[in-house]
Structure formats: C-alpha cells, structure tokens
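Only heavy atoms go into these numbers, but all of them, side chains included; no hydrogens, no water, no symmetry mates. First the proteins, then the strands, lettered A, B, ... as listed; each starts at 1.
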There are 2 protein chains.
Amino acid sequence: MSQDLRRLERTFTIRNLCVEFKVTPRALRFYEDKGLLYPAREGMNRVYNHRDRARLQLILRGKRVGLSLSEIREILDLYDENDGGAAQMAKSLKKFRERIAALEAQREDIDGAIEQLRGGCERMERQLSEIRPDLLPQADDYDQVLRARLDGTPDAAHTA
Amino acid sequence: MSQDLRRLERTFTIRNLCVEFKVTPRALRFYEDKGLLYPAREGMNRVYNHRDRARLQLILRGKRVGLSLSEIREILDLYDENDGGAAQMAKSLKKFRERIAALEAQREDIDGAIEQLRGGCERMERQLSEIRPDLLPQADDYDQVLRARLDGTPDAAHTA
DNA sequence: ACTGCCCTTTACGTCAACGTCAAGATGCTC
DNA sequence: GAGCATCTTGACGTTGACGTAAAGGGCAGT
C-alpha cells in the first residue's frame, strides 16, 4: 500500500480537526446539523476522513470571504452533485460564475477600503512627522505585524 | 456662491439616502442609535448633510468587506478624533495598519476562493464540451452577468 | 376637517452562528 | 470499579443587525 493511499485513508477525530483549524466541537456538529459535513461513525463517535477535512477547509475559507453557511452549503452541494447529469452541471457552472463575479466585486470593495485607509495613514504620518516624529512607529512594528500574520494568526480579520 | 459650496451644503432626507444606497430607514436609525451617524434635526426630522452621506458610504463599504458595526464605528471615530493630540493619532495609525493587514489577508482568501472556483468552472466546461456542448453558456450569459453588475446590483454578494 | 403619506419613537420579534449547560454513554487507568 | 476524560445528544441562551408592528405628529391636497 502506497504512502499516498495511506494518507488518503487517514482519519481524524473531532478534536483533531478542532485543534488543527481552531474551531470548537460545537461548530463542527453545527455544520453537520446544517448538512455541510457528514462524517462517518464508529460506534457513537464521529470519524472524519480526508474528504471531510477538505470540506471543512472550504467551509472556513467561505466564511472568511463572507459567505453564509447556507451559501457555502449550496456550493459544496454543487461540487457533489456534479456526477448527476450534464444539466445539473450546467446549472452549477452558472452558479460558480455568479459567485466569482460576487467575489470579484468584493475584492474591489476591499481594495477601495485599503486605499482609503492608506490615505488616512499617510495623512497621519505626515502630521506626526511634523509635530511628534518620536511617536512614529518604526520597523519594529512592521515586523510584529508580519510575524503575527505568518505564525498562528491565519484569521486576523475577526477581532470580535 | 459657487457650485461646489452649494453641493456641499445640499442636504438629504432619510428617504433620499435610503433610495440612493438601497437601505431601509430602520437601518439608518439603527446606525444612529449605535453612534455611527448623527444627522442634524429639523423639527423632528433627520437632515443628513454631505458628511453624513460620506460616513454612510464608509459604513456600507465596511459591511461589504465583513466588518462589524462596532469595528466600523471605531474606524469612523478614529477619523474624527484625530485632532485630539498626537498620542491619539499614533494609536489610530496603528489601528489603521492593523485593519489594512487584515484586509490584505482577506484579499488573499478571496483570490484563493476565486481561483478554486475558476478551477471548478474549467473542469465543468471541459466535461460539458465533451458530453453536452449545447449546454455550455454562451456570450449571452456573460452579458447578463455584466448587465446585472452594472445597473442596480452593486451588492451581489448578499443573496440572503 | 378628513384622507394620505411620510416622519417619529418604543418595543418586541427574528435569523444566523454558534456558546453553554445538562445528562448520559464509552473507554482508560489506577 | 471508581474516577476521569472525551465523546454523544438535546435544549436553552446570546449577540449582531436589523424587521415589524403599534401609536402618534406634521403637512399637502381636496
């Protein structure tokens, strides 16, 4: 048996995935309730395989880009159903394209927001460099931001 | 009196803004309740000026990129407070930069999601072109999407 | 003066996405 | 076999962002 097959056959407990993706068990069960996941059972306990893990990744990515769980479910379902005939697939294709258009619009929004914030930053930097240059954050602070983004903070958008 | 000044002095009723930005009066009052807007009054009625309108634009953009109202309020407050001393401004600057970093991360997520969807699209297109080329959407459909995006559907992300 | 229409405030309802117990099953280990 | 950890299924609570209904003020037209 090849390594690849063994990797594909590897399974995960609910805790495994919770730790890996930093979500609570409650969240995973909730996603299952809503039909976004359907792990196997071993006795009472849930057993997640690679496919389940991949779906979870898609769920979390979808959330980060602002999709609701029902929207995410739609998309996941489309991925699944695509063996069920050509008409179904054509429908999926259309939905995919709509999603792409929506995401591209959202990207533009983000770019706009970034630009706006950058403008504010520049104004403040100019002001500060005139009146209190000592308060201007130096390279240190940038490093800190970079470090935060690189290790352990994949989802900095939710300060809640 | 110049045209510019007159434009700046122009005011808006609640309905004006609701129609223009496709939100409900309830939403505007809610934002006011939460301290994101504070329009003038004329008798009982709210009167919005250009500054209020600009703030509303920022609010809606913030929402589209996934910020909560309280986060948006923080940012708006920072824009306002920046006369209150250099220390305050340095703090704002830091927050702005954090926001920018978060938005850039989100942008990467979106790019990833778009790529993923594009991949799915291509697979489906290949499949369809083999088995049912007649079902492949043509230029027509693209036009429809474009039209939808151009007039009257600035916010296609919220199918809710 | 009466009818509409739009404005106002107050207050309760709702929906999504979980959090938070509660109560019980299963399995390890000392 | 008693304790402990971890799993399970309910079921109710919570937060954010409004929706919606109730009760009334103000003004235009007839």
Contacts of B:Arg118 that satisfy side-chain contact (heavy atoms from CB on, under 4.5 Å) - sequence neighbours left out: A:Ile100, A:Glu104, B:Ile114
Distance in angstrom units between B:Leu60 CG and D:dA17 C1', rounded: 13 Å
Separation of C:dC18 C1' from A:Tyr31 OH (nearest whole Å): 8 Å
Basic-acidic side-chain contact under 4.0 Å: A:Glu32, A:Arg46: yes
Distance in angstrom units between A:Ile59 CD1 and C:dC18 C1', rounded: 14 Å
Protein proximity profile, nucleotides 3-16 of chain C - base contact B, sugar-phosphate-only contact S, no contact -, cut-off 4.0 Å on heavy atoms: ----SBB-B-----
Between D:dA17 (P) and B:Leu28 (CG): distance, integer Å: 15 Å
Between C1' of C:dC18 and NZ of A:Lys63, the distance in whole Å: 8 Å
Whole-Å gap separating C1' (D:dA17) and CG (B:Leu37): 14 Å
Spacing of A:Glu42 atom CD relative to D:dT8 atom P, expressed in whole Å: 12 Å
Basic-acidic side-chain contact under 4.0 Å: A:Asp111, B:Arg107: yes
Ionic contact status for A:Asp77 with A:Arg73, cut-off 4.0 Å: yes
Atom-to-atom span, CZ of A:Arg64 to C1' of C:dA17 - whole angstrom: 17 Å
Pairing residues for B:Thr13 by the side-chain contact (heavy atoms from CB on, under 4.5 Å) criterion, not counting sequence neighbours: B:Arg15, B:Asn16
Euclidean distance, B:Cys121 SG relative to A:Lys95 NZ, rounded to 0.5 Å: 13.5 Å
